[in-house]
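One structure is given here, and the rest of the page talks about it.
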Amino acid sequence: MALIFVLGLLTIFSSVNCRIIEYVQQPLGKQLFLSRRIVTDSSEFDGGVLVNENGIIEAVLERDVVNSLLTQNLDDLKIIDGGNLALMAGVVDSHVHVNEPGRNPWEGYVTATQAAAAGGVTTIIDMPLNSIPPTTTLKNLKTKAAAAKEEVFVDVGFWGGVVPGNQEELLDLIKAGVVGFKCFLTDSGISEFPMVTRNDLAEAFAVLNGSGTVLAFHAELSENNQGAECSGSDCPDPILYSTYLASRPDEMEIRAVSLVASFLPQTDVHVHIVHVSAEGVVPILEQARDERIKAGYKGWRGGVTAETCHHYLTLSSEMIPPGHSEYKCSPPIRNITNKLKLWEYINDKRLDLVTSDHSPSVAELKGPNFMTAWGGISSMQFDLSLFWTEAKARGHSLSMASHYLSAGPARLAGLQDKKGAIRPGLDADFIFFDPDASFLVTPQVIRYKNKISPYMYRVMTGKVMRTYLRGQLIYADDELIDGPKGKLLLNEGFSY
Ligand SMILES: *[C@@H]1O[C@H](CO)[C@@H](O)[C@H](O)[C@H]1NC(C)=O
Ligand SMILES: *[C@@H]1O[C@H](CO)[C@@H](O)[C@H](O)[C@H]1NC(C)=O
Ligand SMILES: [Zn+2]
(Lines give C-alpha, C1' and ligand atoms only; values in the text may rest on other atoms or scores of the structure.)
(Ligands and ions follow the chains in the order given, each with its own letter.)
Protein backbone atom coordinates (compact mmCIF):
# COMPACT_ATOMS: atom_id res chain seq x y z
CA MET A 1 0.00 0.00 0.00
CA ALA A 2 1.59 3.27 -1.04
CA LEU A 3 1.74 5.77 1.76
CA ILE A 4 3.07 8.65 -0.24
CA PHE A 5 1.38 11.74 1.02
CA VAL A 6 2.14 14.65 -1.21
CA LEU A 7 0.54 17.90 -0.21
CA GLY A 8 2.02 19.31 -3.36
CA LEU A 9 -0.35 21.75 -4.86
CA LEU A 10 -2.88 23.68 -2.88
CA THR A 11 -5.51 25.15 -5.13
CA ILE A 12 -8.10 27.51 -3.86
CA PHE A 13 -11.13 27.69 -6.01
CA SER A 14 -13.44 30.45 -5.04
CA SER A 15 -16.81 31.76 -6.02
CA VAL A 16 -19.22 33.99 -4.18
CA ASN A 17 -19.98 31.76 -1.25
CA CYS A 18 -17.62 28.85 -1.34
CA ARG A 19 -14.15 27.60 -2.00
CA ILE A 20 -12.64 24.33 -2.93
CA ILE A 21 -9.37 23.44 -1.33
CA GLU A 22 -7.72 20.57 -3.04
CA TYR A 23 -4.72 18.58 -1.92
CA VAL A 24 -3.31 17.13 -5.10
CA GLN A 25 -1.56 13.84 -4.67
CA GLN A 26 0.46 11.65 -7.05
CA PRO A 27 -0.41 8.99 -8.04
CA LEU A 28 -4.18 9.39 -8.01
CA GLY A 29 -5.49 7.31 -5.16
CA LYS A 30 -8.67 7.20 -3.19
CA GLN A 31 -10.60 10.43 -3.09
CA LEU A 32 -13.18 11.90 -0.77
CA PHE A 33 -15.47 14.55 -2.28
CA LEU A 34 -17.16 16.78 0.29
CA SER A 35 -20.16 19.06 -0.11
CA ARG A 36 -22.79 20.69 2.07
CA ARG A 37 -25.23 19.85 -0.73
CA ILE A 38 -24.87 16.38 -2.16
CA VAL A 39 -27.72 15.96 -4.62
CA THR A 40 -29.38 12.66 -5.41
CA ASP A 41 -32.41 12.33 -7.63
CA SER A 42 -34.66 12.40 -4.58
CA SER A 43 -32.88 14.40 -1.87
CA GLU A 44 -30.02 16.64 -0.77
CA PHE A 45 -27.73 16.17 2.23
CA ASP A 46 -24.50 17.32 3.81
CA GLY A 47 -21.72 14.75 3.48
CA GLY A 48 -19.09 13.08 1.36
CA VAL A 49 -18.58 10.62 -1.44
CA LEU A 50 -15.69 8.18 -1.29
CA VAL A 51 -14.25 7.23 -4.68
CA ASN A 52 -11.82 4.36 -5.22
CA GLU A 53 -8.64 4.22 -7.33
CA ASN A 54 -10.63 3.11 -10.36
CA GLY A 55 -12.96 6.08 -10.27
CA ILE A 56 -15.91 4.13 -8.89
CA ILE A 57 -18.08 5.39 -6.04
CA GLU A 58 -17.30 3.31 -2.97
CA ALA A 59 -19.50 4.94 -0.34
CA VAL A 60 -21.89 7.83 0.11
CA LEU A 61 -21.57 9.26 3.63
CA GLU A 62 -23.45 11.62 5.91
CA ARG A 63 -21.42 14.45 7.42
CA ASP A 64 -21.06 12.84 10.86
CA VAL A 65 -19.58 9.71 9.28
CA VAL A 66 -17.26 11.91 7.22
CA ASN A 67 -16.15 13.67 10.38
CA SER A 68 -15.27 10.46 12.15
CA LEU A 69 -13.48 9.21 9.04
CA LEU A 70 -11.42 12.39 8.97
CA THR A 71 -10.11 11.67 12.47
CA GLN A 72 -8.59 8.42 11.23
CA ASN A 73 -5.44 7.70 9.27
CA LEU A 74 -5.89 9.48 5.93
CA ASP A 75 -2.48 8.80 4.45
CA ASP A 76 -3.56 7.98 0.95
CA LEU A 77 -6.80 9.88 0.76
CA LYS A 78 -7.18 12.98 -1.40
CA ILE A 79 -9.83 15.36 -0.13
CA ILE A 80 -11.78 17.63 -2.43
CA ASP A 81 -14.01 19.97 -0.48
CA GLY A 82 -16.62 21.79 -2.54
CA GLY A 83 -18.03 23.66 0.45
CA ASN A 84 -21.45 25.01 -0.43
CA LEU A 85 -21.24 24.05 -4.08
CA ALA A 86 -23.71 21.31 -4.99
CA LEU A 87 -22.12 17.95 -5.76
CA MET A 88 -24.27 16.32 -8.43
CA ALA A 89 -24.09 13.38 -10.81
CA GLY A 90 -22.82 14.41 -14.23
CA VAL A 91 -25.52 15.07 -16.80
CA VAL A 92 -26.29 12.25 -19.24
CA ASP A 93 -27.52 13.66 -22.54
CA SER A 94 -29.11 10.84 -24.50
CA HIS A 95 -29.90 12.96 -27.55
CA VAL A 96 -26.88 14.47 -29.30
CA HIS A 97 -25.99 14.69 -32.99
CA VAL A 98 -22.19 14.75 -33.31
CA ASN A 99 -22.20 14.58 -37.15
CA GLU A 100 -18.71 13.05 -37.42
CA PRO A 101 -17.57 11.49 -39.70
CA GLY A 102 -19.04 13.01 -42.84
CA ARG A 103 -20.34 16.38 -41.68
CA ASN A 104 -17.35 17.52 -39.69
CA PRO A 105 -17.92 21.22 -40.46
CA TRP A 106 -21.21 20.91 -38.53
CA GLU A 107 -19.74 19.38 -35.36
CA GLY A 108 -17.23 16.76 -34.28
CA TYR A 109 -16.25 14.53 -31.35
CA VAL A 110 -13.60 16.93 -30.02
CA THR A 111 -15.75 20.05 -29.98
CA ALA A 112 -18.96 18.28 -28.94
CA THR A 113 -17.36 16.47 -26.01
CA GLN A 114 -15.41 19.55 -24.91
CA ALA A 115 -18.69 21.46 -24.86
CA ALA A 116 -20.15 18.56 -22.89
CA ALA A 117 -17.39 18.66 -20.27
CA ALA A 118 -17.84 22.42 -19.89
CA GLY A 119 -21.56 21.90 -19.36
CA GLY A 120 -21.18 19.15 -16.78
CA VAL A 121 -22.32 16.51 -19.27
CA THR A 122 -20.22 13.41 -18.59
CA THR A 123 -22.00 11.02 -20.96
CA ILE A 124 -23.52 11.69 -24.36
CA ILE A 125 -25.36 9.25 -26.57
CA ASP A 126 -24.82 10.00 -30.24
CA MET A 127 -27.77 9.82 -32.60
CA PRO A 128 -27.48 7.55 -35.66
CA LEU A 129 -28.00 10.28 -38.22
CA ASN A 130 -26.27 13.34 -39.58
CA SER A 131 -22.94 11.54 -39.75
CA ILE A 132 -21.94 9.88 -43.02
CA PRO A 133 -22.31 6.98 -42.84
CA PRO A 134 -25.32 6.86 -40.53
CA THR A 135 -25.24 4.22 -37.76
CA THR A 136 -27.50 1.76 -39.53
CA THR A 137 -25.11 -1.18 -40.00
CA LEU A 138 -22.41 -2.79 -37.87
CA LYS A 139 -19.81 -1.71 -40.41
CA ASN A 140 -20.99 1.89 -40.15
CA LEU A 141 -20.86 1.73 -36.35
CA LYS A 142 -17.24 0.63 -36.62
CA THR A 143 -16.47 3.55 -38.91
CA LYS A 144 -18.04 5.92 -36.44
CA ALA A 145 -16.40 4.42 -33.38
CA ALA A 146 -13.01 4.55 -35.10
CA ALA A 147 -13.53 8.27 -35.76
CA ALA A 148 -14.48 8.88 -32.15
CA LYS A 149 -12.16 6.69 -30.17
CA GLU A 150 -9.11 8.88 -29.58
CA GLU A 151 -11.01 12.13 -29.37
CA VAL A 152 -13.65 12.05 -26.67
CA PHE A 153 -13.45 14.19 -23.53
CA VAL A 154 -16.52 12.52 -21.98
CA ASP A 155 -18.00 9.05 -22.34
CA VAL A 156 -19.89 8.42 -25.56
CA GLY A 157 -22.52 5.81 -26.33
CA PHE A 158 -24.34 5.22 -29.62
CA TRP A 159 -27.87 4.83 -30.88
CA GLY A 160 -28.37 2.63 -33.93
CA GLY A 161 -30.85 3.53 -36.64
CA VAL A 162 -33.82 1.70 -38.13
CA VAL A 163 -34.26 2.56 -41.81
CA PRO A 164 -36.09 0.70 -44.59
CA GLY A 165 -34.31 -2.57 -45.31
CA ASN A 166 -31.75 -2.76 -42.49
CA GLN A 167 -33.58 -5.32 -40.29
CA GLU A 168 -30.76 -7.83 -40.79
CA GLU A 169 -28.30 -5.49 -39.09
CA LEU A 170 -30.23 -4.76 -35.93
CA LEU A 171 -29.24 -7.72 -33.76
CA ASP A 172 -25.55 -7.27 -34.62
CA LEU A 173 -25.78 -3.65 -33.60
CA ILE A 174 -27.32 -4.70 -30.26
CA LYS A 175 -24.49 -7.19 -29.74
CA ALA A 176 -21.99 -4.40 -30.40
CA GLY A 177 -23.57 -2.31 -27.67
CA VAL A 178 -25.86 0.34 -29.17
CA VAL A 179 -28.21 1.65 -26.47
CA GLY A 180 -31.22 1.28 -28.75
CA PHE A 181 -32.52 2.45 -32.11
CA LYS A 182 -34.00 5.59 -33.53
CA CYS A 183 -36.32 5.91 -36.52
CA PHE A 184 -38.27 8.66 -38.26
CA LEU A 185 -41.96 8.72 -39.09
CA THR A 186 -41.42 11.81 -41.22
CA ASP A 187 -38.68 13.04 -43.55
CA SER A 188 -35.48 13.29 -41.48
CA GLY A 189 -34.04 16.03 -43.67
CA ILE A 190 -31.05 13.73 -44.31
CA SER A 191 -31.14 11.59 -47.45
CA GLU A 192 -28.94 8.83 -45.96
CA PHE A 193 -31.51 8.28 -43.22
CA PRO A 194 -34.91 7.64 -44.82
CA MET A 195 -38.11 7.51 -42.82
CA VAL A 196 -39.86 4.21 -42.12
CA THR A 197 -43.31 3.16 -43.30
CA ARG A 198 -45.79 1.16 -41.27
CA ASN A 199 -44.50 -2.03 -42.94
CA ASP A 200 -40.87 -1.24 -42.16
CA LEU A 201 -41.89 -0.70 -38.56
CA ALA A 202 -43.74 -4.00 -38.37
CA GLU A 203 -40.58 -5.77 -39.58
CA ALA A 204 -38.33 -3.91 -37.16
CA PHE A 205 -40.62 -4.67 -34.22
CA ALA A 206 -40.64 -8.35 -35.19
CA VAL A 207 -36.84 -8.50 -35.27
CA LEU A 208 -36.41 -6.56 -32.03
CA ASN A 209 -39.08 -8.39 -30.02
CA GLY A 210 -37.48 -10.17 -27.08
CA SER A 211 -34.15 -8.35 -27.48
CA GLY A 212 -34.69 -6.02 -24.53
CA THR A 213 -33.75 -3.00 -26.64
CA VAL A 214 -35.38 0.42 -27.06
CA LEU A 215 -36.94 1.78 -30.23
CA ALA A 216 -37.05 5.57 -30.19
CA PHE A 217 -39.23 7.63 -32.49
CA HIS A 218 -39.05 11.00 -34.08
CA ALA A 219 -42.81 11.24 -33.81
CA GLU A 220 -44.28 13.51 -36.44
CA LEU A 221 -46.56 12.11 -39.12
CA SER A 222 -48.47 14.15 -41.66
CA GLU A 223 -51.81 12.95 -42.93
CA ASN A 224 -50.71 12.10 -46.45
CA ASN A 225 -47.27 10.99 -45.27
CA GLN A 226 -45.72 13.96 -47.04
CA GLY A 227 -44.28 17.10 -45.58
CA ALA A 228 -46.90 19.72 -44.78
CA GLU A 229 -45.00 22.36 -46.73
CA CYS A 230 -46.79 24.47 -49.32
CA SER A 231 -45.46 25.53 -52.70
CA GLY A 232 -45.21 28.65 -54.86
CA SER A 233 -47.50 31.62 -54.27
CA ASP A 234 -49.72 29.68 -51.80
CA CYS A 235 -47.01 30.04 -49.21
CA PRO A 236 -47.33 32.49 -46.37
CA ASP A 237 -44.27 34.56 -45.49
CA PRO A 238 -41.43 32.12 -44.72
CA ILE A 239 -39.58 34.77 -42.73
CA LEU A 240 -42.28 34.56 -40.04
CA TYR A 241 -41.98 31.84 -37.43
CA SER A 242 -45.76 31.39 -37.42
CA THR A 243 -45.52 30.09 -40.99
CA TYR A 244 -43.18 27.32 -39.96
CA LEU A 245 -45.19 26.54 -36.83
CA ALA A 246 -48.39 26.20 -38.87
CA SER A 247 -46.65 23.73 -41.19
CA ARG A 248 -45.98 21.31 -38.32
CA PRO A 249 -49.08 21.39 -36.11
CA ASP A 250 -49.63 19.39 -32.90
CA GLU A 251 -51.72 16.90 -34.86
CA MET A 252 -48.59 15.60 -36.59
CA GLU A 253 -47.14 14.53 -33.25
CA ILE A 254 -50.44 13.13 -32.03
CA ARG A 255 -50.92 11.09 -35.21
CA ALA A 256 -47.39 9.67 -34.96
CA VAL A 257 -47.71 8.73 -31.29
CA SER A 258 -51.04 7.06 -31.98
CA LEU A 259 -49.39 4.97 -34.70
CA VAL A 260 -46.61 3.91 -32.32
CA ALA A 261 -49.18 3.01 -29.66
CA SER A 262 -51.03 0.80 -32.12
CA PHE A 263 -47.99 -1.53 -32.31
CA LEU A 264 -47.66 -2.04 -28.58
CA PRO A 265 -50.06 -4.99 -28.12
CA GLN A 266 -47.92 -7.10 -30.47
CA THR A 267 -44.45 -6.34 -29.13
CA ASP A 268 -42.39 -6.28 -25.95
CA VAL A 269 -39.99 -3.64 -27.26
CA HIS A 270 -39.58 -0.54 -25.07
CA VAL A 271 -40.71 2.47 -27.09
CA HIS A 272 -39.46 5.97 -26.44
CA ILE A 273 -40.64 9.23 -27.95
CA VAL A 274 -37.80 11.69 -28.45
CA HIS A 275 -38.24 15.48 -28.22
CA VAL A 276 -41.94 15.71 -27.33
CA SER A 277 -43.09 19.21 -28.19
CA ALA A 278 -46.91 19.02 -28.32
CA GLU A 279 -48.23 18.55 -24.78
CA GLY A 280 -51.22 16.63 -26.13
CA VAL A 281 -49.16 13.49 -26.74
CA VAL A 282 -48.49 12.90 -23.05
CA PRO A 283 -51.97 11.59 -22.13
CA ILE A 284 -51.91 9.30 -25.19
CA LEU A 285 -48.63 7.80 -24.05
CA GLU A 286 -49.94 7.39 -20.53
CA GLN A 287 -52.93 5.47 -21.76
CA ALA A 288 -50.68 3.23 -23.85
CA ARG A 289 -48.48 2.64 -20.81
CA ASP A 290 -51.45 1.79 -18.60
CA GLU A 291 -52.73 -0.73 -21.10
CA ARG A 292 -49.34 -2.33 -21.40
CA ILE A 293 -48.96 -2.61 -17.64
CA LYS A 294 -52.45 -4.11 -17.36
CA ALA A 295 -51.42 -6.65 -19.99
CA GLY A 296 -48.57 -7.72 -17.70
CA TYR A 297 -45.59 -5.74 -19.03
CA LYS A 298 -43.02 -5.55 -16.24
CA GLY A 299 -40.27 -3.23 -17.53
CA TRP A 300 -39.35 0.36 -16.61
CA ARG A 301 -42.33 2.74 -16.97
CA GLY A 302 -44.36 0.06 -18.72
CA GLY A 303 -41.93 0.20 -21.63
CA VAL A 304 -43.32 3.57 -22.75
CA THR A 305 -41.26 6.70 -22.12
CA ALA A 306 -40.89 10.20 -23.46
CA GLU A 307 -38.43 13.04 -23.34
CA THR A 308 -38.84 16.73 -23.93
CA CYS A 309 -36.04 19.20 -24.66
CA HIS A 310 -34.69 22.36 -23.09
CA HIS A 311 -35.92 24.56 -25.93
CA TYR A 312 -39.54 23.49 -25.41
CA LEU A 313 -39.22 24.25 -21.68
CA THR A 314 -37.40 27.56 -22.15
CA LEU A 315 -38.71 29.21 -25.30
CA SER A 316 -42.14 29.81 -26.80
CA SER A 317 -43.31 30.68 -30.30
CA GLU A 318 -44.55 34.17 -29.38
CA MET A 319 -41.02 35.37 -28.64
CA ILE A 320 -39.33 34.12 -31.82
CA PRO A 321 -38.36 37.08 -34.01
CA PRO A 322 -38.82 37.01 -37.80
CA GLY A 323 -35.88 35.62 -39.74
CA HIS A 324 -34.15 34.04 -36.72
CA SER A 325 -33.82 30.42 -37.74
CA GLU A 326 -31.48 29.66 -34.86
CA TYR A 327 -34.84 28.97 -33.16
CA LYS A 328 -35.85 26.41 -35.76
CA CYS A 329 -36.09 22.77 -34.76
CA SER A 330 -38.54 19.99 -35.38
CA PRO A 331 -41.01 19.42 -33.97
CA PRO A 332 -41.32 23.19 -33.58
CA ILE A 333 -41.28 25.28 -30.43
CA ARG A 334 -44.97 25.92 -29.68
CA ASN A 335 -46.87 28.59 -27.80
CA ILE A 336 -46.69 29.66 -24.18
CA THR A 337 -49.75 27.63 -23.18
CA ASN A 338 -48.00 24.53 -24.46
CA LYS A 339 -44.79 25.38 -22.61
CA LEU A 340 -46.64 25.83 -19.31
CA LYS A 341 -48.37 22.49 -19.79
CA LEU A 342 -45.03 20.76 -20.37
CA TRP A 343 -43.81 22.23 -17.08
CA GLU A 344 -46.91 20.88 -15.39
CA TYR A 345 -45.99 17.43 -16.71
CA ILE A 346 -42.41 17.87 -15.52
CA ASN A 347 -43.70 18.86 -12.10
CA ASP A 348 -45.94 15.79 -11.93
CA LYS A 349 -43.26 13.38 -13.24
CA ARG A 350 -45.37 12.59 -16.28
CA LEU A 351 -42.36 12.94 -18.58
CA ASP A 352 -39.23 10.83 -18.10
CA LEU A 353 -36.20 12.78 -19.18
CA VAL A 354 -35.01 16.04 -20.70
CA THR A 355 -32.34 16.25 -23.40
CA SER A 356 -30.73 18.84 -25.65
CA ASP A 357 -31.33 17.32 -29.09
CA HIS A 358 -28.05 19.11 -29.80
CA SER A 359 -28.28 19.37 -33.58
CA PRO A 360 -25.80 21.83 -35.05
CA SER A 361 -25.16 22.89 -38.61
CA VAL A 362 -23.01 25.42 -40.41
CA ALA A 363 -24.30 29.02 -40.53
CA GLU A 364 -24.87 28.88 -44.30
CA LEU A 365 -27.67 26.36 -43.74
CA LYS A 366 -29.51 28.65 -41.35
CA GLY A 367 -30.44 32.03 -42.85
CA PRO A 368 -33.69 34.00 -42.48
CA ASN A 369 -36.12 31.63 -44.25
CA PHE A 370 -37.80 29.42 -41.66
CA MET A 371 -39.09 26.99 -44.26
CA THR A 372 -35.73 26.22 -45.87
CA ALA A 373 -33.30 26.70 -42.94
CA TRP A 374 -31.75 23.66 -41.29
CA GLY A 375 -33.87 22.61 -38.30
CA GLY A 376 -31.74 22.06 -35.23
CA ILE A 377 -30.70 23.83 -32.04
CA SER A 378 -27.30 23.44 -30.40
CA SER A 379 -27.49 23.57 -26.63
CA MET A 380 -25.83 20.55 -25.04
CA GLN A 381 -23.23 22.74 -23.34
CA PHE A 382 -26.01 24.51 -21.47
CA ASP A 383 -28.19 21.52 -20.52
CA LEU A 384 -28.11 21.97 -16.78
CA SER A 385 -28.04 25.77 -16.71
CA LEU A 386 -30.97 25.99 -19.13
CA PHE A 387 -33.07 23.57 -17.12
CA TRP A 388 -32.06 25.15 -13.81
CA THR A 389 -32.80 28.70 -14.98
CA GLU A 390 -36.44 27.72 -15.55
CA ALA A 391 -36.73 25.18 -12.75
CA LYS A 392 -35.31 27.43 -10.05
CA ALA A 393 -37.66 30.23 -11.02
CA ARG A 394 -40.51 27.73 -10.56
CA GLY A 395 -39.28 26.72 -7.10
CA HIS A 396 -38.02 23.26 -8.09
CA SER A 397 -35.10 21.46 -6.46
CA LEU A 398 -31.72 20.39 -7.79
CA SER A 399 -32.91 16.83 -7.22
CA MET A 400 -35.48 17.36 -9.91
CA ALA A 401 -32.71 18.42 -12.29
CA SER A 402 -30.79 15.25 -11.45
CA HIS A 403 -33.88 13.14 -11.95
CA TYR A 404 -34.56 14.46 -15.46
CA LEU A 405 -31.05 15.19 -16.73
CA SER A 406 -29.00 12.37 -15.20
CA ALA A 407 -31.01 9.44 -13.81
CA GLY A 408 -33.69 9.42 -16.51
CA PRO A 409 -31.43 9.46 -19.56
CA ALA A 410 -29.04 6.95 -17.95
CA ARG A 411 -31.98 4.59 -17.39
CA LEU A 412 -33.16 4.98 -20.97
CA ALA A 413 -29.69 4.13 -22.24
CA GLY A 414 -29.49 1.08 -19.96
CA LEU A 415 -26.62 2.72 -18.05
CA GLN A 416 -28.36 2.90 -14.67
CA ASP A 417 -25.74 0.66 -13.03
CA LYS A 418 -22.88 2.87 -14.24
CA LYS A 419 -24.09 6.42 -14.72
CA GLY A 420 -26.61 9.06 -13.74
CA ALA A 421 -26.63 9.04 -9.95
CA ILE A 422 -24.50 9.31 -6.83
CA ARG A 423 -24.64 5.73 -5.54
CA PRO A 424 -22.05 3.10 -4.58
CA GLY A 425 -20.87 1.05 -7.54
CA LEU A 426 -21.46 3.78 -10.13
CA ASP A 427 -18.80 5.75 -11.99
CA ALA A 428 -17.68 8.87 -10.14
CA ASP A 429 -18.94 11.21 -12.86
CA PHE A 430 -19.53 14.36 -10.85
CA ILE A 431 -19.96 18.04 -11.12
CA PHE A 432 -19.59 20.87 -8.66
CA PHE A 433 -22.44 23.22 -9.53
CA ASP A 434 -23.08 26.71 -8.22
CA PRO A 435 -26.88 27.03 -8.36
CA ASP A 436 -26.77 30.76 -7.56
CA ALA A 437 -24.09 31.88 -9.98
CA SER A 438 -25.08 33.31 -13.33
CA PHE A 439 -23.33 33.83 -16.64
CA LEU A 440 -23.92 35.28 -20.06
CA VAL A 441 -23.98 33.08 -23.17
CA THR A 442 -21.53 34.60 -25.66
CA PRO A 443 -19.68 33.21 -28.68
CA GLN A 444 -16.54 33.14 -26.52
CA VAL A 445 -18.19 30.86 -23.95
CA ILE A 446 -19.49 28.41 -26.55
CA ARG A 447 -17.24 25.42 -27.17
CA TYR A 448 -19.22 23.55 -29.80
CA LYS A 449 -18.10 24.13 -33.37
CA ASN A 450 -20.66 26.55 -34.83
CA LYS A 451 -21.38 29.38 -32.41
CA ILE A 452 -25.08 29.61 -33.22
CA SER A 453 -27.66 29.71 -30.43
CA PRO A 454 -31.14 31.01 -29.66
CA TYR A 455 -29.74 31.70 -26.18
CA MET A 456 -27.02 34.09 -27.33
CA TYR A 457 -26.63 36.98 -24.87
CA ARG A 458 -29.11 35.43 -22.46
CA VAL A 459 -28.25 35.16 -18.79
CA MET A 460 -28.23 31.61 -17.41
CA THR A 461 -28.73 30.77 -13.75
CA GLY A 462 -26.47 28.08 -12.33
CA LYS A 463 -22.92 27.41 -13.43
CA VAL A 464 -20.89 24.25 -13.71
CA MET A 465 -17.66 24.94 -11.82
CA ARG A 466 -15.92 21.57 -12.13
CA THR A 467 -16.51 18.33 -13.97
CA TYR A 468 -15.08 14.91 -13.05
CA LEU A 469 -15.14 11.82 -15.22
CA ARG A 470 -14.56 8.54 -13.35
CA GLY A 471 -12.94 10.53 -10.57
CA GLN A 472 -10.63 12.48 -12.87
CA LEU A 473 -10.89 16.24 -13.13
CA ILE A 474 -11.67 17.12 -16.76
CA TYR A 475 -12.91 20.73 -16.48
CA ALA A 476 -12.31 23.49 -13.93
CA ASP A 477 -12.33 27.29 -13.77
CA ASP A 478 -13.66 27.61 -17.32
CA GLU A 479 -10.86 25.45 -18.71
CA LEU A 480 -10.58 21.88 -19.93
CA ILE A 481 -8.00 19.86 -18.04
CA ASP A 482 -5.60 17.72 -20.11
CA GLY A 483 -6.47 15.62 -23.13
CA PRO A 484 -9.40 13.33 -23.87
CA LYS A 485 -10.21 10.86 -21.09
CA GLY A 486 -13.59 9.65 -22.35
CA LYS A 487 -14.48 6.08 -23.27
CA LEU A 488 -16.77 4.65 -25.90
CA LEU A 489 -19.62 2.80 -24.23
CA LEU A 490 -19.66 -0.29 -26.43
CA ASN A 491 -19.75 -3.92 -25.41
CA GLU A 492 -16.62 -5.80 -24.48
CA GLY A 493 -15.36 -7.63 -27.50
CA PHE A 494 -16.35 -4.87 -29.89
CA SER A 495 -13.64 -4.64 -32.53
CA TYR A 496 -13.06 -1.69 -34.80
C1 LIG B 1 -42.73 -10.91 -28.29
O2 LIG B 1 -42.05 -11.50 -27.21
C3 LIG B 1 -42.88 -11.90 -26.16
C4 LIG B 1 -42.01 -12.45 -25.06
O5 LIG B 1 -41.20 -11.43 -24.56
C6 LIG B 1 -43.88 -12.92 -26.64
O7 LIG B 1 -44.78 -13.24 -25.60
C8 LIG B 1 -44.66 -12.36 -27.82
O9 LIG B 1 -45.49 -13.35 -28.36
C10 LIG B 1 -43.71 -11.87 -28.89
N11 LIG B 1 -44.49 -11.20 -29.91
C12 LIG B 1 -44.32 -11.46 -31.21
C13 LIG B 1 -45.18 -10.68 -32.15
O14 LIG B 1 -43.52 -12.26 -31.62
C1 LIG C 1 -51.64 27.56 -28.18
O2 LIG C 1 -51.79 26.55 -29.15
C3 LIG C 1 -52.90 25.70 -28.93
C4 LIG C 1 -52.85 24.54 -29.93
O5 LIG C 1 -52.31 24.90 -31.16
C6 LIG C 1 -54.18 26.52 -29.01
O7 LIG C 1 -55.30 25.69 -28.78
C8 LIG C 1 -54.12 27.60 -27.95
O9 LIG C 1 -55.25 28.42 -28.03
C10 LIG C 1 -52.87 28.46 -28.13
N11 LIG C 1 -52.74 29.37 -27.01
C12 LIG C 1 -52.35 30.63 -27.17
C13 LIG C 1 -52.23 31.46 -25.93
O14 LIG C 1 -52.10 31.10 -28.27
ZN1 LIG D 1 -32.44 14.79 -32.85
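Heads up: numbering here begins at 1 and tracks the sequence. Just so you know, ligand 1 is whichever comes first in the structure, and atom 1 is the first atom listed for that ligand. This structure is a prediction, so every number in the text was calculated from the model and none was measured.
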With distance as the sole criterion, is a donor-acceptor pair present between the side chains of N140 and T143 under 3.5 Å? no
Are H95 and H358, when compared by the centres of their aromatic rings, separated by less than 6.0 Å? no
Under 4.0 Å from a heavy atom of T337: give me the atoms of ligand 2 that qualify, with their elements. 11 (N), 12 (C), 13 (C)
For the Zn ion (ligand 3): the N/O/S atom of D357 at shortest distance: OD1
With sequence neighbours left out, the residues meeting side-chain hydrogen bond (donor to acceptor under 3.5 Å, both in side chains) with N166 are none
Looking at Y496 versus F494, is the centre-to-centre ring distance below 6.0 Å? yes
Among W343, F433, Y312, F382, find the residue that satisfies the ring-ring contact (aromatic ring centres under 6.0 Å, His included) test when tested with F387. W343
Confirm or rule out an N/O/S atom of H97, from backbone or side chain, lying less than 2.8 Å from the Zn ion (ligand 3). yes
Within the stated cut-off of 2.8 Å, is an N/O/S atom of H95 closer than that to the Zn ion (ligand 3)? yes
Using a distance-only test with no angle check, is there a side-chain donor-acceptor pair under 3.5 angstrom linking S316 and K339? no
Is it the case that T305 and H272 place a side-chain donor and acceptor less than 3.5 Å from each other? yes
Report every pair formed by an N or O atom of ligand 1 and a protein N or O atom separated by less than 3.5 Å, giving atom names and the distance to 0.1 Å.
{"unit_1": "ligand 1", "atom_1": "2 (O)", "unit_2": "N209", "atom_2": "OD1", "d": "3.3"}
{"unit_1": "ligand 1", "atom_1": "2 (O)", "unit_2": "N209", "atom_2": "ND2", "d": "2.5"}
{"unit_1": "ligand 1", "atom_1": "5 (O)", "unit_2": "D268", "atom_2": "OD2", "d": "2.7"}
{"unit_1": "ligand 1", "atom_1": "11 (N)", "unit_2": "N209", "atom_2": "ND2", "d": "2.8"}
{"unit_1": "ligand 1", "atom_1": "14 (O)", "unit_2": "N209", "atom_2": "ND2", "d": "3.1"}

Heavy-atom distances under 4.0 Å decide this one: backbone, side chain, both or neither, for N338 against ligand 2? neither
Modelled atom types, side-chain donor and acceptor of H311 and D357, under 3.5 Å: no
